[in-house]
There are 2 protein chains.
Amino acid sequence: MDKYEALKLKNQLCFPLYSVSNLITRNYKPLLDKIDLTYTQYITMMVLWERHSVSEKELGEALFLKSNTLTLLLQKLKKKGFVTINKDKRDGRSIIIALTEQGEALKEKAVDVPTSIVKSIHLSEEEGMYLYQILYKILEANQNEEL
Amino acid sequence: MDKYEALKLKNQLCFPLYSVSNLITRNYKPLLDKIDLTYTQYITMMVLWERHSVSEKELGEALFLKSNTLTLLLQKLKKKGFVTINKDKRDGRSIIIALTEQGEALKEKAVDVPTSIVKSIHLSEEEGMYLYQILYKILEANQNEEL
DNA sequence: GCAAAATAAATCGCATGCGATATATTTATG
DNA sequence: CATAAATATATCGCATGCGATTTATTTTGC
């Protein structure tokens with residue numbers, strides 16, 4: 001038995017996770033180009049389409065990202081006219097990100113994106129649901145550790 | 001029923017894939033820092049530890065990456081003394097990446113990395129295997145499309 | 001044999017992600 | 001109430017990933 005068996009690429013679990021994630025970003029790109037969003041900007045808009053306005057902290061918790069990634073991202077969404085960024089009056093440390101009319105309108109254009117992507121994944125509904133559960137199990141287990 | 005239901009973050013399959021992938025890179029970082037590798041450099045070394053020398057094209061096929069990502073990466077591994085880069089004598093378009101002694105020696109230091117990571121994922125063996133299968137199913141389905 | 005097509009890398013510009021650190025503001029504590 | 005600790009963002013530097021394009025080399029087709 002090879003002492004280095006665990007170091008072989010084909011025995012990695014994280015490598016296909018990483019590759020599928022890259023694959024997804026690639027598949028999304030041409031679709032999202034049409035509505036002038038990158039993938040990270042797209043999931044940010046998803047949060048806003050649901051909640052209308054959030055603090056950067058809340059946004060980071062929803063997306064598992066921190067200010068070092070978000071600050072620049074939000075500036076770009078602001079530049080494109082999809083969001084406004086204002087200080088929270090009740091807490092001067094926080095900023096509140098809110099949808100503009102243009103950002104709200106973008107939702108209509110984005111409505112077909114999820115279906116197109118799901119098709120490109122080629123999984124049965126059952127497989128998709130199982131995958132979903134496992135992934136959230138990993139995310140939640142790790143969230144607890146970071147407390 | 002909300003017409004925008006499919007646009008909610010909690011209904012996305014790709015989002016947890018993306019988040020778990022980020023999570024994994026974060027978890028690997030402190031471990032890989034100790035052996036002076038980034039995650040992408042690590043999986044590149046994995047290929048070399050198995051095959052000893054590969055062309056950039058073969059490496060790209062193994063890692064699902066292209067020259068725009070690999071070229072710079074390989075230069076850095078060369079700078080660190082882990083690999084050599086030479087033109088293929090039989091085909092002047094190709095380059096051959098090969099392990100140095102130092103690169104080979106690094107394998108010994110890396111041998112415990114996979115176990116540490118698997119622990120941080122918190123999945124049963126069964127879940128891990130199922131996840132593995134689904135991920136490769138996605139990768140393979142998509143590979144065929146790119147032909 | 002030679003021009004055109006194909007192939008393999010390299011280069012460019014952009015948008016992440018991340019750890020580390022700095023800054024501004026609020027909260028806690030004595 | 002003053003000041004230390006905690007919290008929320010911003011900034012910096014580095015290493016990706018990727019589409020698009022360019023360059024170098026080989027293969028193909030006539």
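Chain identifiers are assigned alphabetically (A, B, ...) following the order of the sequence lines, protein sequences preceding nucleic acid strands; residue numbering begins at 1 within each chain.
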Undergrad: Could you state the OH-C1' distance from B/Y28 to D/dT16, rounded to the nearest angstrom?
TA: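 Distance, rounded to whole Å: 17 Å.
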Undergrad: If I compare all heavy atoms of A/D36 with all of A/K80, which pair ends up nearest, and what's the gap?
TA: O-NZ, 2.9 Å
Undergrad: Can you identify which nucleotide, out of C/dG19, C/dT25, C/dA15, has its nearest atom closest to the A/K66 side chain?
TA: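 Nearest to the side-chain atoms of A/K66, counting from C-beta on, is C/dG19.
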Undergrad: In whole Å, what is the span from the CG atom of B/L65 to the C1' atom of D/dG19?
TA: 14 Å
Undergrad: Mind calculating the distance between CG (B/L63) and P (D/dA15) to the nearest angstrom?
TA: 18 Å
Undergrad: Quick check on DNA chain D: between B/D88 and A/K29, whose nearest nucleotide comes earlier from the 5' end?
TA: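 Nearer the 5' end of the strand: A/K29.
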Undergrad: How many Å lie between CG on A/N86 and P on C/dT25, as a whole number?
TA: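 Going from CG in A/N86 over to P in C/dT25 covers 15 Å.
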Undergrad: Which whole-number value in Å describes the distance from A/K87 NZ to D/dA8 P?
TA: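 One finds 15 Å between P of D/dA8 and NZ of A/K87, rounded.
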Undergrad: Return the nearest nucleotide to the side chain of A/I95; candidates are D/dG19, D/dT9, D/dA15.
TA: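 Taking heavy atoms from C-beta onward, the closest nucleotide is D/dT9.
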Undergrad: Among the clusters formed by ILVMFWY side chains lying less than 4.5 Å apart, do B/L32 and B/F82 turn up in the same one?
TA: yes
Undergrad: When you measure from the side chain of A/R93, which nucleotide among D/dT16, C/dT25, D/dA20 comes out closest?
TA: C/dT25
Undergrad: Quick one: does any side-chain atom of B/E56 pair with a main-chain N or O of B/L70 as donor and acceptor, under 3.5 Å?
TA: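 Absent.
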Undergrad: For the side chain of B/N68, counting heavy atoms from C-beta on, which of C/dT11, D/dA24, C/dG17 is nearest?
TA: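 Taking heavy atoms from C-beta onward, the closest nucleotide is C/dT11.
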Undergrad: Check each residue of residues 31-60 of chain B for a non-hydrogen atom within less than 4.0 Å of any atom in DNA chain D, then write out the ones that pass by number, or none.
TA: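 Residues of residues 31-60 of chain B under 4.0 Å from DNA chain D: B/T38, B/T40, B/Q41.
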Undergrad: On the side chain of B/T71, is there an atom forming a donor-acceptor pair with the base of C/dA9 - under 3.5 Å, no angle test?
TA: no
Undergrad: Please lay out, stage by stage, how B/M46 and A/Y4 fare under the test side-chain contact (heavy atoms from CB on, under 4.5 Å).
TA: CA-CA 10 Å; B/M46 274 187 175; A/Y4 301 106; over 6 Å; no
Undergrad: Do B/V113 and B/V47 sit in one hydrophobic cluster, given that two such residues count as connected whenever their side-chain heavy atoms are within less than 4.5 Å of each other, even indirectly?
TA: yes
Undergrad: Write down the distance between OH (B/Y18) and P (C/dT16), rounded to a whole number of angstrom.
TA: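 Value for this atom pair: 8 Å.
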Undergrad: With distance as the sole test, does B/Q12 use its side chain to make a donor-acceptor pair with the main-chain N or O of B/A6 at under 3.5 Å?
TA: yes
Undergrad: Check whether any side-chain N or O of B/S21 sits under 3.5 Å from a backbone N or O of B/L17 as a donor-acceptor pair, and report yes or no.
TA: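 Side chain of B/S21 to backbone of B/L17, a donor-acceptor pair under 3.5 Å: no, none is there.
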Undergrad: Taking donor-acceptor contacts at under 3.5 Å, does the side chain of A/S94 reach the base of D/dA8?
TA: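 Looking at the base of D/dA8, it does not pair with any donor or acceptor on the side chain of A/S94 (distance under 3.5 Å).
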Undergrad: Rounded to whole Å, please give me the gap between CG in A/L70 and P in D/dT11.
TA: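 Going from A/L70 (CG) to D/dT11 (P), I get 14 Å.
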Undergrad: D/dC14 C1' sits how many Å from B/Q75 CD, rounded?
TA: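 So the CD-C1' distance, B/Q75 to D/dC14, works out to 17 Å.
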Undergrad: Given D/dG17, C/dG19, D/dA15, which nucleotide is nearest the side-chain atoms of B/R26?
TA: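 My answer, after comparing the listed nucleotides, is C/dG19.
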